[in-house]
Protein chains: 2
Amino acid sequence: MPMPSLNIDERRTQSPDVAVSIVVFAIQPPAALVAPGTADPERPVRLWLPLVRRLREPYAGAWALPGGPLAWDRSLDQVAGATLLATTGLPARHLEQLYSFGATGRSATAPRLVTIAYWALLALDQPLAADGIDHVAWFPADALPDLAFDHRDIVDVALDRLRAKTAYADIAARFLAPEFTLAELRQVHDAVLGTTSDPANFRRRLLASGQVEPTGSLRREGAHRPARLFQFTPGPHPREQDPA
Amino acid sequence: MPMPSLNIDERRTQSPDVAVSIVVFAIQPPAALVAPGTADPERPVRLWLPLVRRLREPYAGAWALPGGPLAWDRSLDQVAGATLLATTGLPARHLEQLYSFGATGRSATAPRLVTIAYWALLALDQPLAADGIDHVAWFPADALPDLAFDHRDIVDVALDRLRAKTAYADIAARFLAPEFTLAELRQVHDAVLGTTSDPANFRRRLLASGQVEPTGSLRREGAHRPARLFQFTPGPHPREQDPA
DNA sequence: TCAAAAGTGTTCTACGTACACCCATGG
DNA sequence: CCATGGGTGTACGTAGAACACTTTTGA
């Protein structure tokens, strides 16, 4: 039984590099930054995420997740939030740590690298900025190019987590503006999970859960009865955000 | 909007220290290492976990989670497994990454520190080693001493995860020997969740889930009908282990 | 033959699904 | 007045909770 050294949080050794990467999901990408050839008028409600073109080796020229090194005086959450802002120009509607990746050989040339991955949701109530943001393009989650490092694995884990949370929580509402119709919410829900829900049952289930409540106002559009608008029920929703 | 630097996995900066800490759960601690005054004959089935007495500043003399620095040539999972082995003398029945903690000011004196936390389960089919393991004591999970750093937060997150997995998966069986009775499994299940399940319903639910299957043999003990022994159903249980 | 735990059967309720049907609106 | 989506009502099936009951053993 080797390794007599137990415990110890602070021992100083040759430290690996620590980076934070982030998988950002949105329902509608900024039109100016849609990657060529990926739009599909047949499917208006799809999952999109932004990628960054790498400028340096290794993987120069390849697409990668947005990210950056962990700054000395910033928490993991802060670095993730700053990366998101620099990539999209918007703060997240939901930001959550995903998983940490630290296998050896993740980067062939670079020194040892540990990546702490986050995932985030953006609402579509503000247009995403496109000016002043270079080397970024948005791709549909089901039509991604080859990615640098093991970033494809990270995206897959993020998709799993997003679908799991969508199935049991109201996470889908965070894609939308503060006020939304239940039909909009159902479309997002179905787009994420790949299902087709019954509108009546979706409505009842959601109302019974107490996660949303009507705002009182209506939205009229098209030749049919206007839809009631809903919002998140504010207040104590346990464990929406993990600790940091 | 500051921070023009996007992307980049490999940029070299002053790296923080990276450590791996682990929360190890077991149902029965090694008798020789039970912390004084924590045993309770009234409750034979309880959750226990090992702590390590710190030798260095900061927090010298305080109890802390087992852990160690991330070695250059080891993956996160490997370091977690090695720490577990050094602390308990046994390999884990279940080992899973928990969360990464990287707030600033976690360690007042040490340089910046990022801790990647794991949690593990030990089976009680082998006696835990006590010889050659120093500075380690086992405590009941509901009667822990004050812990160094923010390790108390880590334990709380691990408890939440353990309870969540116990509620929807057969994770409780990993505390037991390969063959077990449903009554044993139910006791573990209830000890972890703090519930008292109906034996009949527990039996039916578990059998219907297909997660366990009878081995064919019986166990006779006490003045009552012998109990059938069960085992994990081997094979494709999706997502028992997250990626690394 | 009795206590004790293993194991089975039965009922009740909650909740999700399927689907028929009514409501309100613009054209 | 009709097509369209919003919204309600209702019947069915499955799964868990509660609990009465039978089975098998050691003493």
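Given the structure is predicted, the values throughout are model-derived calculations rather than measurements. Any value given below was found using the heavy atoms of this structure, including those in side chains, with hydrogens, waters and symmetry copies removed. Chain letters run A, B, ... following the sequence lines, proteins first, then strands; residues in each count from 1.
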Spatial distance of atom [atom1] ([X]) from atom [atom2] ([Y]) [nearest 0.5 Å]:
X: A:W119; Y: A:I22; atom1: CH2; atom2: CD1; value: 10.5 Å
X: A:T181; Y: A:L229; atom1: OG1; atom2: CG; value: 7.0 Å
X: A:L176; Y: A:F230; atom1: CG; atom2: CZ; value: 13.0 Å
X: A:L193; Y: A:R163; atom1: CG; atom2: CZ; value: 7.5 Å

- request: Quantify the bending of the helix from C:dT1-D:dA27 to C:dG27-D:dC1 as the angle between its end axes, each fitted on five pairs, to 10°.
  value: 10°
task: Please figure out whether A:A208 or A:E221 has its closest DNA chain C nucleotide nearer the 5' end.
output: A:A208
- request: Using chain A heavy atoms and a threshold of under 4.0 Å, write down where along DNA chain C the contacts begin and end, 5' to 3'.
  value: C:dG16 to C:dG26
query: Does the side chain of A:T215 come under 3.5 Å of the side chain of A:Q231 through a donor N or O and an acceptor N or O?
result: no
- request: Go through the side-chain N and O atoms of B:Q187 and B:H189 and say whether any donor and acceptor fall under 3.5 Å apart.
  value: no
Interatomic distance where CG belongs to B:L206 and P belongs to D:dG16 [whole Å]: 10 Å
- prompt: Does A:D150 reach the side chain of A:I154, with side-chain heavy atoms less than 4.5 Å apart?
  reply: yes
message: What I want to find out is whether A:E184 reaches A:R219 closely enough, with some N-O distance under 4.0 Å, to be called a salt bridge.
response: yes
task: Treat primed atoms plus P, OP1 and OP2 as sugar-phosphate and everything else as base, then score nucleotides 5-14 of chain D 5' to 3': B for base contact with protein heavy atoms under 4.0 Å, S for sugar-phosphate contact only, - for none.
output: BBSBBB----
query: Any side-chain N or O of B:R205 under 4.0 Å from OP1/OP2 of D:dG16?
result: no
query: So B:Y99 and B:F101, would you call those rings parallel, tilted or perpendicular, with 30° and 60° as cut-offs?
result: perpendicular
field: Side-chain donor/acceptor of B:T115 to backbone N/O of B:A117, under 3.5 Å
entry: no
